[in-house]
There are 2 protein chains.
Amino acid sequence: MLDSKTQNLLLQHYPMLRELPASQLDALLANATAMRLPAGTVVFDENQPCQGFPLLLSGSIRIVKAAANGRELQLYRVSPGESCILTSSCLLGHAQYHARGVAEQDVELVALPPLAFRMLLSSHEPFRDYIFSLFSERLTDLMQLVSAVAFQKLDQRLAALLLAKPNPIQTTHQALADELGSVREIVSRLLKNFAEQGWVKLGREQIEVVNAAALKKLSEL
Amino acid sequence: MLDSKTQNLLLQHYPMLRELPASQLDALLANATAMRLPAGTVVFDENQPCQGFPLLLSGSIRIVKAAANGRELQLYRVSPGESCILTSSCLLGHAQYHARGVAEQDVELVALPPLAFRMLLSSHEPFRDYIFSLFSERLTDLMQLVSAVAFQKLDQRLAALLLAKPNPIQTTHQALADELGSVREIVSRLLKNFAEQGWVKLGREQIEVVNAAALKKLSEL
DNA sequence: TTCTCTATGTGATTTTTATCACAGACAAAC
DNA sequence: GTTTGTCTGTGATAAAAATCACATAGAGAA
């Protein structure tokens, strides 16, 4: 059972649930479990079965593929209100995850048991539409990502990544490499190039974009 | 309106439609259009709006991302009974395609108008389950593909590709390159290596795998 | 047969990315 | 202040993939 503060947060981030009849909503909340996970927690991992469907309330989760040699690549990021479509996939079809989910910051979430998720999906059209639209968005994102990994050079992808983050950017070169699926040294060198061009200013765990237009041009080349 | 042979094919490949009440099925068929597309037809392309939802009856469609310099990469292949999940995505959310669909062989399909598709999706649970499971499968495939493109060497991916095709393989090196997102010369050289190891036998437009185990080992390295 | 078109083979070179091996730099803890 | 740990810079080298430039070869058409 959820406390009323959590309930409010839930309905705020997942407004489609408001359209549920009161009795169904109550039943849903009765089954749900609130959880808090500290930053860095591995929420789920490859080849594990799914436990339940997470509705994210705060924080964010990175969904990554890890390679044997320690490199990793971020597939996408899940924010509050976005839920985790990978889990839907798990719950609906195959029984296992095909990627790893890591809490990026401290995370609050509400977990729906598989049955409750299925019920909701089959009986509640707004929720269903919501899940479909998430699926659709992820599919698009992933196709974009495949294309970028296959055809773009790392400097272009790095430029795009820098532009996608709030300026100034607080992160390490290693974290950027992990997001791009590359290694720290390369990212450092590319950033140095950008800095020499006067496009960014570098500091420890900080990157300030000063010429977004140039980065954009490079990324779209 | 569809002729009875087409109807039969349709129900054979999409058995979940049999569970529709007769009246709804009739309405659906009345709205649907049968189409035949010769091999090589661009069924849809990037940045085009969707016309309708295709239910594939025969042939297959390659879904590819094309790069500016002419290179391309196959995202997945749609076979009869599989429909095209990318179109679902288009019809449900965003209005535009994010990839290209090309008929690989001659294709027969039945096209559902967007409204009929939405109706079917919201009113008919078996069809919905089917679409969800397709989404889920594609998502998994794409995650696998991203990971392969990011972390595997081309020889590994080529080996896996050869194993995934019926033996002996009738294709050109260029077609393989297009499937992998690489270029012809590299594929030729890698194939030559495989041949020197005694793993395959090469002919014009033909590759015979003679040591599947070795290829498998390489691909799983 | 000869011509033509497409498919394949291949060397040379370049570009891009990864790997290895440290050195210096900064921040927080002691 | 010194120590410790993380973060960053960087040269040297290697590995992988792409590009360029042709050569050859087979299959079908004229």
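Here is the naming used below: chain letters follow the sequence lines, and residue numbers restart at 1 for every chain.
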Could you pull out all donor-acceptor pairs under 3.5 Å where a side-chain atom in residues 209-218 of chain B meets a protein atom, sequence neighbours excluded?
from, atom 1, to, atom 2, distance (Å)
B/N211, OD1, B/A213, N, 3.4
B/N211, OD1, B/A214, N, 3.0
B/K216, NZ, B/E220, OE2, 2.6

Show me the donor-acceptor pairs within less than 3.5 Å that the side chains of residues 190-201 of chain B make with the rest of the protein, sequence neighbours left out.
none

Tabulate below the donor-acceptor pairs under 3.5 Å that side-chain atoms of residues 31-42 of chain A make, not counting sequence neighbours, or state none.
from, atom 1, to, atom 2, distance (Å)
A/N31, ND2, A/A27, O, 3.3
A/R36, NH2, A/E108, OE2, 3.1
A/T41, OG1, A/P38, O, 2.5

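For the atom pair CD of A/Q74 and CD of A/E72, the computed distance is 8.5 Å after rounding to the nearest 0.5 Å. Going from atom CZ of B/R100 over to atom CD of B/Q48 covers 10.0 Å, rounded to the nearest 0.5 Å.
A 4.0 Å heavy-atom criterion places the boundary nucleotides of DNA chain C facing chain B at C/dT6 to C/dA12, written 5' to 3'. Counting 5' to 3', DNA chain D first comes under 4.0 angstrom of a heavy atom of chain A and last does so at the ends given by D/dG5 to D/dA12.
For the segment residues 141-169 of chain B, residues with any heavy atom less than 4.0 angstrom from an atom of DNA chain D are, sorted by number, B/K153, B/L154. For the segment residues 195-209 of chain B, the set of residues with a heavy atom within less than 4.0 Å of an atom of DNA chain D comprises B/R204, in numerical order.
Under the side chain to side chain donor-acceptor pair (under 3.5 Å) criterion, the residue pairs touching residues 6-17 of chain A are A/D3-A/T6, with sequence neighbours excluded. Pairs of residues two or more places apart, or lying in two chains, that qualify as salt bridge (Lys or Arg N to Asp or Glu O under 4.0 Å) and include a residue from residues 154-177 of chain B are B/K165-B/E179. Counting only residues at least two apart or in different chains, ring-ring contact (aromatic ring centres under 6.0 Å, His included) contacts with residues 41-65 of chain A comprise A/F44-A/Y97, A/F53-A/F117.
Side-chain atoms of A/E205 and A/Q170 form no donor-acceptor pair, as typed in the model, at a separation below 3.5 Å. B/R184 and B/Q174 are not linked by any side-chain donor-acceptor pair at a separation below 3.5 angstrom, with hydrogens and angles left out of the test.
Nucleotides of DNA chain D nearest to A/R189 and A/T172 differ in position, and the one nearer the 5' end is that of A/T172. Remark on DNA chain D: of its neighbouring residues A/K192 and B/R71, the 5'-side contact belongs to A/K192, judged by nearest-heavy-atom nucleotide.
The existence of a salt bridge linking B/E46 and B/K65 is confirmed by a sub-4.0 Å separation between a basic side-chain nitrogen and an acidic carboxylate oxygen.
Checked against salt bridge (charged side-chain N to carboxylate O under 4.0 Å, His left out), B/R128 has the following partners two or more places apart in sequence or in another chain: B/E125. Annotation: salt bridge (charged side-chain N to carboxylate O under 4.0 Å, His left out) contacts of A/D129 (sequence neighbours excluded): none.
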